[in-house]
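To start, the structure under review is shown below, and the notes come after it.
Residue numbers count from 1 along this sequence. A quick note: this is a predicted structure, and the numbers were derived from the prediction, not measured. Both ligands and their constituent atoms are indexed starting at 1 by order of listing.
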Amino acid sequence: MWIDTHCHLDAGEFGDESIAQASLAQQQGVEMIVIPAVEVATFATVAQLAASIPNGCYALGIHPIFVPHAKEDDLRVMREQVAAAMDDPRFVAIGEVGLDFFIPMLCEPAMREKQVFFFREQLRIARDFGLPILTHVRKSQDVVLKHVRQITPNGGIAHAFNGSFQQAQGYIDVGFKLGFGGAMTFTRALQIRRLATELPLDAIVLETDAPDISPAWVHPGRNSPDQVPRIGAVLAELRAISVQEVAVASTAAAKAILPRMKLAAD
Ligand SMILES: [Zn+2]
């Protein structure tokens, strides 16, 4: 059994194939797909999509790339919608939230400040509702950690983790799991592969970030959630353990960090 802990199944790239992609993934053993929202305008979409597939759940959040267009009132709307979603068993986390200090436009001083403001306010929502967060961390490992230490959610996933061993330990120390996906499948990704090989197995969850971050055998094509088992097989090979062991451990890690998530087998 596999879990895709981060998949933008609602993305335009999937056109009208989102539901078909979910069943294709299920045929490959992907028992759950976590669909994070990226802005208030997509909250209803991800909730409806998760409800319309047997293996779907969702998160609500404002992604740093959408912060430039976000209004402060969106945070009020988000808090209200999160409160309402607490009754929805398919709602599992706050996300996708975080900080992006890679895209030049987002690095301008005023925009950095706005990103930090939105991130901290969303951390407060996660903390107040006892929810984990799904984080986008780009050139911002230490800053994200700093804010998480100040306003601590109920755990989280550092999605598409790409930092140092010290930073990985920092996330593990605040109760986070680290997300690994397509980037790990490239033989040139030495640091990511070293992390995936040496970090404690129980700190690792698998993800696709579909339609983005395609694994080597799909690149530059569109990524999809049915790729999780093959991504898991790469992790097994790197660690010289069985694919079965990776499936069991990564599923257990995902369940531990997303306690609201209910699998059919539970
Ligand atoms: Zn994402």
Side-chain angles (χ1 to χ4, degrees), residues 2-14 18 21-22 25 30 32-43 45-47 49-50 55-70 74 78 90-103 105-106 115 118-119 122-123 126 131-141 144 148 153 155-163 171 176-185 189 192 204-215 218-228 231 250 254 257-258 261:
W2 301 94
I3 296 175
D4 186 348
T5 61
H6 197 111
C7 176
H8 296 282
L9 197 58
D10 62 315
E13 285 89 335
F14 288 114
S18 298
Q21 287 291 336
V30 181
M32 192 52 77
I33 301 170
V34 184
I35 312 164
V38 293
E39 59 176 334
V40 169
T42 69
F43 284 8
T45 314
V46 296
L49 179 55
N55 53 342
C57 62
Y58 67 99
L60 298 178
I62 301 166
H63 189 296
I65 290 172
F66 288 82
V67 162
H69 302 291
D74 289 350
M78 178 172 159
R90 294 194 184 249
F91 171 61
V92 298
I94 295 297
E96 177 172 353
V97 300
L99 296 171
D100 192 310
F101 294 155
F102 174 75
I103 295 174
M105 190 269 285
L106 294 174
Q115 280 198 67
F118 272 76
F119 183 45
Q122 294 185 92
L123 280 174
L131 292 163
I133 64 170
L134 310 177
T135 55
H136 172 100
V137 187
R138 216 164 164 208
K139 299 271 176 218
S140 60
Q141 299 283 353
V144 164
V148 165
I157 296 172
H159 135 70
F161 185 74
N162 184 11
Y171 282 99
F176 273 50
K177 306 290 185 196
L178 308 163
F180 286 87
M184 175 179 66
T185 65
I192 291 178
I204 294 177
V205 294
L206 296 174
E207 59 172 53
T208 61
D209 198 28
D212 300 324
I213 320 192
S214 303
V218 174
H219 189 81
R222 184 187 72 185
N223 197 5
S224 49
D226 60 312
Q227 296 298 331
V228 175
I231 290 169
S250 61
I257 205 66
L258 301 170
M261 184 175 66

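Between His6 and His159, the ring planes lie parallel to each other; the angle is under 30°, not in the 30° to 60° tilted range.
When you scan the N, O or S atoms of Glu96 for the one nearest the Zn ion (ligand 1), you land on OE1.
When each of Val205, Val148, Val144 is checked for a side-chain contact (heavy atoms from CB on, under 4.5 Å) with Phe176, only Val148 meets the rule. Screening Val34, Ile133, Thr135, Leu134 against Ile157 for a side-chain contact (heavy atoms from CB on, under 4.5 Å) leaves a single residue, Leu134.
At least one N/O/S atom of His6, from backbone or side chain, sits under 2.8 Å from the Zn ion (ligand 1). Taking backbone and side chain together, His8 holds an N, O or S atom under 2.8 Å from the Zn ion (ligand 1).
With Ser140 contributing its side chain and Val137 its backbone, the two residues share no donor-acceptor pair below 3.5 Å.
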